[in-house]
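Computed over heavy atoms, backbone and side chain alike; hydrogens, waters and symmetry mates excluded. Keep in mind the model is a prediction, meaning the values are calculated, not measured. In what follows, every chain begins at residue 1, and chains take the letters A, B, ... in the order their sequences are listed.
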Protein chains: 2
Amino acid sequence: METRRTKQQQSIREVLAEAGRPMSVQEVFDAALTSVPTIGLSTVYRTIRRLAEQGEIAAVAVPGQPDRYELADVAATHHHHFHCTECDRVFDVRGCVGGLDRMLPPGFKLRGHELTLSGVCGGCAAR
Amino acid sequence: METRRTKQQQSIREVLAEAGRPMSVQEVFDAALTSVPTIGLSTVYRTIRRLAEQGEIAAVAVPGQPDRYELADVAATHHHHFHCTECDRVFDVRGCVGGLDRMLPPGFKLRGHELTLSGVCGGCAAR
DNA sequence: CCGCACAATGACAAGGATTCTCAATAACGG
DNA sequence: CCGTTATTGAGAATCCTTGTCATTGTGCGG
Ligand SMILES: [Zn+2]
Ligand SMILES: [Zn+2]
Ligand SMILES: [Zn+2]
Ligand SMILES: [Zn+2]
């Protein structure tokens, strides 16, 4: 089972790399269209799912909205997210918090955590 | 516009109140069926959406899965969540973390936050 | 270079979750 | 009780995501 390199996959990676923030499948699709006008939505879904399964990208959930995705090398630099309730965009924020183990009930095993701040982003606050 | 009290809505509230953890619409529906066997799935979606809009319940997002909901009075007692990657259930955990403002870029305004721990729950870990 | 094998694609069908529509029901004030 | 009308339940409709499959084109061997 070889793995072939295509312009579609390359485009999707570039979009995610240059975005600087987690993007939805639809957002990736729209952005990828400019560099590969014939790309299909199926391909974007397929590629993103595979990348996620392979751990190359990570999923970010926001209530009531489709998941967003970002490159794992960004995710590898441990960070968290900020959801602007005005424009619905999601931003990366650096830093973390400690002492999470102490929050767990006995018997539970901690493997990871996801912290999402919410409020108004710089752009929306300015207006 | 009066608001009428129905057994369906009462049942849904009871289910959420007695669950002790955030539940998906389907879970609420299944549970509500035992007390109101004729209840429709539409009614559960409708009621949960209205309760969420009115701020009586809060939504909890998990990547790749439908939102879960919990009563706001539970949510009001500030707490967070634990997602078991084995059984996919979501649990409430008490406690919080501080110093979140310091994580924000300049110009951003913090209104709230959501922290979701993940790992293996007590039940699954036992097996 | 050329051609083959088969991974990947794109268009569309299919599936699942959520919302919408509407006639029938039932809560509640009179 | 009665009438008004908020609410319900069933199904259609919509949105998001995955599956299917004939076609395309990558990567390798000749
Ligand atoms: Zn914004
Ligand atoms: Zn962290
Ligand atoms: Zn579990
Ligand atoms: Zn907190």
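In the interface, the side chain of B/T38 is not paired with the base of D/dG9 through any donor and acceptor atom under 3.5 Å apart. With hydrogens and angles ignored, no donor-acceptor pair under 3.5 angstrom links the side chain of A/R49 to the base of D/dT18.
For A/T43 and C/dG10, the shortest distance from a side-chain N or O to OP1 or OP2 is below 4.0 Å. For B/R5 and D/dT8, the shortest distance from a side-chain N or O to OP1 or OP2 is not below 4.0 Å. Close to D/dT8, at under 4.0 Å from its OP1 or OP2, lies a side-chain N or O of B/Q9. Regarding contacts with the backbone of C/dA27, a side-chain N or O of B/K7 is found under 4.0 angstrom from either OP1 or OP2. Between B/T6 and D/dT8, a side-chain N or O to OP1/OP2 separation shorter than 4.0 Å is present. Applying the 4.0 Å criterion to OP1 and OP2 of D/dT18, one finds that A/Y45 has every side-chain N and O outside that range.
With C/dT18, D/dT7, D/dT17 as the choices, the nucleotide that has an atom nearest any side-chain atom of A/L41 turns out to be D/dT17. The A/R46 side chain lies nearest to D/dT20 when the options are C/dC28, D/dT20, D/dT17.
Separating the CD1 atom of A/I39 from the P atom of D/dG25 is a distance of 14 Å, rounded to the nearest angstrom. Across the protein-nucleic acid pair, A/Q26 atom CD and D/dC16 atom P stand 7 Å apart, rounded to whole Å. Atom CD in B/Q8 sits about 17 Å away from atom P in D/dA6, given to the nearest Å.
B/R68 pairs in a side chain to side chain contact (heavy atoms under 4.5 Å, CB included) with only one of the listed residues (B/V60, B/I57, B/V28), which is B/V60.
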